[in-house]
Amino acid sequence: MPSMTLFYSPTSPFVRKVMVLLHETEQLPKVELQEVQLSPTSPNAEVNAANPAGKIPALRLADGSLLFDSRVILEYLDQQHSGQPLLAVSSSPRWNCLTLCALADALLDAAVLIRYESFLRPADKRWDAWLSGQQDKIERALAHFEQVASSLSNSFDLAAISLACALGYVDLRQPELAWRQRYPQLAVWYAAASQRPSLLATQPPL
Ligand code: GSF
């Protein structure tokens, strides 16, 4: 019997992070999915009531309290299972993991903003310099992950979940980016990571 409700969309990369963690930690039965459609220009009233930022994911707990955003939800759910924690407890690996999580989320923020600017905004109002500024953030983040690819934790931790979901979203929305040619070590890491059952089960619909 599910005790929590997740505001959900199958194409949201931030929601996907939560779904991957639920798979990895065998907590899927605890969560009921409430599918919503939303964008900054067509908000969802229920999501606005759950999260004043009007964004998903948001998680309603059994006592009615609400958690957002995705990083908070990941940390909460990581404390609700008895397996190996996906966020290191000791200080140096912990801060390293959280910093990589933040960079993967920054990459995703830029990719989502580009999606809104190019898909939602009327073509005659598009701002090319702003779009290329966001694209540069994606490129710098990919270059950083290429540098650290060989030291990415062998265990599939919160940083790995965030990075894999970010790369999956780049492939979905910018298939022409061809990042694998420029970042070969990252490509090798992602090729292996994306075969995990948790990632295969949460692939966004095309
Ligand atoms: C970002 C969530 C987000 O942008 C988090 O949860 O980590 N920092 C937040 N969610 C998008 C959907 S998506 O593209 O994953 C969202 O809810 N957008 C609606 C809006 O009004 O921006």
Side-chain angles (χ1 to χ4, degrees), residues 4-25 27 31-61 65-80 86-87 97-122 125-127 130-131 133-135 137-138 141-142 145 157-175 177 194 198-199 201-206:
M4 300 179 263
T5 304
L6 179 68
F7 290 91
Y8 165 93
S9 157
T11 53
S12 161
F14 290 100
V15 169
R16 188 181 185 196
K17 288 166 39 183
V18 177
M19 295 301 295
V20 170
L21 181 137
L22 290 171
H23 274 271
E24 292 282 341
T25 59
Q27 296 189 83
V31 178
E32 182 182 355
L33 303 181
Q34 182 163 337
E35 189 161 345
V36 292
Q37 288 183 340
L38 81 175
S39 76
T41 50
S42 61
N44 178 289
E46 271 189 282
V47 173
N48 284 349
N51 172 3
K55 296 186 184 191
I56 53 173
L59 183 70
R60 186 183 296 116
L61 306 185
S65 59
L66 285 147
L67 297 184
F68 47 84
D69 59 5
S70 62
R71 261 186 278 169
V72 176
I73 296 171
L74 290 187
E75 280 204 48
Y76 173 79
L77 291 173
D78 193 34
Q79 292 192 0
Q80 307 305 310
L86 302 186
L87 174 61
C97 179
L98 286 171
T99 300
L100 292 179
C101 287
L103 186 61
D105 282 1
L107 192 167
L108 263 185
D109 280 333
V112 167
L113 289 174
I114 287 172
R115 168 77 178 163
Y116 291 152
E117 182 74 10
S118 50
F119 180 73
L120 286 181
R121 192 187 281 260
K125 297 201 172 72
R126 263 173 222 153
W127 186 4
W130 189 91
L131 276 172
Q134 298 301 332
Q135 197 66 47
K137 290 180 194 288
I138 294 177
L142 290 172
F145 283 120
D157 65 2
L158 292 194
I161 290 175
S162 304
L163 176 56
C165 292
L167 295 174
Y169 188 74
V170 168
D171 280 350
L172 177 73
R173 296 299 188 213
Q174 300 191 12
L177 190 61
S194 55
S198 60
L199 283 164
T202 56
Q203 277 176 338
L206 285 175

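We're numbering straight along the sequence, starting at 1. Each ligand, and each atom within it, is numbered from 1 in the order the structure gives.
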For atom 15 (O) of ligand 1, the closest protein heavy atom turns out to be S12 OG, 2.5 Å
### Query
Under 3.5 Å between some N or O of ligand 1 and some N or O of D105?
no
Heavy atoms of Q27 and L77 approach each other most closely as NE2-O, 2.9 Å
Per-atom filter on ligand 1: closer than 4.0 angstrom to a heavy atom of P57 are 6 (O)
The atoms of ligand 1 lying under 4.0 Å from a heavy atom of G54, numbered in the order shown, are 19 (C), 20 (C), 21 (O)
For I114 and Q135 the tightest heavy-atom approach is CD1-OE1, 3.2 Å
protein heavy-atom neighbour closest to atom 7 (O) of ligand 1 works out as S70 OG, 2.6 Å
Looking at L38, N51, D69, the heavy atom closest to atom 8 (N) of ligand 1 belongs to D69
* Asked: Going by distance alone, is a donor N or O of one side chain under 3.5 Å from an acceptor N or O of the other, for Q34 and E46?
  -> yes
For this session: Kindly say whether V112 contributes a backbone atom to a donor-acceptor pair with the side chain of R173 at under 3.5 angstrom?
Result: no
For P13, the atoms of ligand 1 under 4.0 Å from one of its heavy atoms are 13 (S), 14 (O), 15 (O)
Ignoring hydrogens and geometry, is there a side-chain-to-backbone donor-acceptor pair from R16 to L199 under 3.5 Å? yes
Can R71 and D105 be counted as an ion pair, charged N to O under 4.0 angstrom? yes
Note: G54 and N48 closest approach over all heavy atoms is CA-OD1, 3.2 Å
Min over Y116, F14, F68 of heavy-atom distance to atom 3 (C) of ligand 1 lands on F14
Ligand 1 to V112, heavy atom cutoff 4.0 Å, flagged ligand atoms 14 (O)
Closest non-hydrogen atoms of P13 and C165, given as atom of the first, atom of the second and distance, are O-CB, 3.9 Å
Note: ligand 1 atoms sitting under 4.0 Å from heavy atoms of P40 are 20 (C), 21 (O), 22 (O)
of all protein heavy atoms, closest to atom 17 (O) of ligand 1 is I56 N, 2.9 Å
